[in-house]
Number of protein chains: 2
Amino acid sequence: MLLHMAEIDGPVTSESLAGMMQTNPVVIRRILAGLRKQGLVHSEKGHGGGWRLAKDLETVTLYDIHIALGSPGVLALGHRTEAPGCLVEQAVNNAMGEAFDAAEALLLSRFREITLASLSRDFHQRMQHCGNPGH
Amino acid sequence: MLLHMAEIDGPVTSESLAGMMQTNPVVIRRILAGLRKQGLVHSEKGHGGGWRLAKDLETVTLYDIHIALGSPGVLALGHRTEAPGCLVEQAVNNAMGEAFDAAEALLLSRFREITLASLSRDFHQRMQHCGNPGH
DNA sequence: TTTCATGTAACTTAAAATATTACATGAAAG
DNA sequence: CTTTCATGTAATATTTTAAGTTACATGAAA
């Protein structure tokens with residue numbers, strides 16, 4: 001969504017973003033409210049209002065966005081009980097926990113290395129290769 | 001559940017396993033049916049029947065169990081669309097996909113290194129340290 | 001032939017994610 | 001200043017998914 005906003009100059013309304021993303025404007029506003037709290041976007045009410053990027057694409061990584069979205073859990077797998085009394089379960093949690101932590105750390109470290117600018121460059125390259133205009 | 005079964009000699013009924021896991025016997029049977037298909041457990045009907053481990057703990061890894069459970073998705077994050085027409089989304093999917101793949105590969109490779117035997121050893125060590133009998 | 005256990009389909013319930021409605025707030029246009 | 005347009009947000013509804021339950025068939029031992 002941020003990359004789409006980057007292609008448009010001037011503010012973009014949640015309604016038009018909702019059109020692009022095939023969802024409801026309120027869903028867009030809820031998401032962007034989180035991003036605004038982290039200073040990634042900026043919003044204006046009223047006539048001519050809407051949403052605008054607040055940062056240079058070069059300075060925003062997928063990790064920043066992940067944080068702004070509330071650091072949602074990255075793994076679909078997890079412990080059955082967080083602090084089990086059962087000693088079997090404790091052993092399992094301990095072993096699996098290390099694997100989970102390693103996987104999550106790797107994913108987030110990759111996210112830290114992906115900037116919106118690099119994604120934007122990739123997008124523009126794709127634009128060149130196929131004749132397809134519009135995004 | 002398999003580790004609990006390892007502590008008991010003789011077959012264990014889905015009802016008693018359901019008691020341990022605080023769930024319904026049918027849920028247990030459904031899960032164990034998958035494990036049986038991979039040869040991890042063995043079941044017997046009728047009087048004195050129940051479930052039994054079919055393999056040595058040393059030869060079973062968390063990865064084997066993961067496969068037997070149907071290789072459920074490991075990540076909570078994913079692509080919005082698998083094969084999007086939108087070029088922005090293609091660029092995003094491409095970059096995130098590499099990160100996803102790396103994280104999943106790492107997690108599964110860790111799973112391959114965790115045997116039930118190692119978990120069982122850890123469990124028995126925990127038994128020693130605290131005075132708590134029973135599992 | 002009774003009892004007990006698995007095997008499985010069909011159904012129900014519960015939880016979570018997602019979407020919608022409704023209305024308040026604020027800013028620009030006329 | 002009042003109409004229009006857009007965000008802000010609470011409350012509600014819908015959808016999807018996972019988990020649990022019921023019901024009954026199958027098969028084995030007592």
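Below, chains carry the letters A, B, ... as their sequence lines are ordered, and counting in each starts from 1.
- Look at CG on A/Leu69: it is 14 Å from P on C/dA17, rounded to the nearest Å.
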Return one dot-bracket line describing DNA chain D 5' to 3' (Watson-Crick or G-U wobble pairs, both distances under 3.5 Å; ( ) same strand, [ ] crossing, | another strand, . none). ||||||||||||||||||||||||||||||
Do A/Arg52 and A/Val12 pass the side-chain contact (heavy atoms from CB on, under 4.5 Å) test, and can you show the C-alpha distance, the side-chain angles, and the key distance before you say yes or no? CA-CA 7 Å; A/Arg52 206 190 289 268; A/Val12 189; over 6 Å; no
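- Looking at residues two or more places apart in sequence or on another chain, you find no side-chain hydrogen bond (donor to acceptor under 3.5 Å, both in side chains) involving B/Thr13.
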Assess the residue pair B/Leu32 and B/Arg36 against the criterion (side-chain contact (heavy atoms from CB on, under 4.5 Å)); give the C-alpha distance rounded to whole Å, side-chain angles, the decisive distance to 0.1 Å, and a yes or no. CA-CA 6 Å; B/Leu32 289 182; B/Arg36 185 186 44 212; over 6 Å; no
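- For the residue pair B/Thr61/B/Asp64, the side-chain donor-acceptor check at 3.5 Å is satisfied.
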At under 4.0 Å between heavy atoms, how does the protein contact nucleotides 11-22 of chain D? Give one character per nucleotide, 5' to 3', with B, S or -. B--------BBB
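- With hydrogens and angles disregarded, no donor-acceptor distance shorter than 3.5 Å links the side chain of B/Asp101 to the backbone of B/Glu98.
- Evaluation of the ring pair (Phe, Tyr, Trp, His ring centres under 6.0 Å) rule for A/Phe100 yields A/His79 as partners, not counting sequence neighbours.
- The main-chain N or O of B/Met21 is found under 3.5 Å from a side-chain atom of A/Arg80 such that the two form a donor-acceptor pair.
- Under the 3.5 Å distance criterion, the side-chain polar atoms of A/Thr81 are left unmatched by any main-chain donor or acceptor of A/Ala83.
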Got a list of protein N/O to nucleotides 4-6 of chain D N/O distances below 3.5 Å?
residue: D/dA6; atom: O4'; partner: A/Gly46; partner atom: O; Å: 3.3

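- Identified under the side-chain hydrogen bond (donor to acceptor under 3.5 Å, both in side chains) test for residues 21-31 of chain A, with sequence neighbours left out: A/Ser14-A/Arg29.
- Remark: P of D/dT9 and CG of A/Leu32 are 13 Å apart, rounded to the nearest angstrom.
- Counting heavy atoms of neighbouring residues, nucleotides and ligands inside a 6.0 Å radius, atom CD of A/Glu113 exceeds 12 of them.
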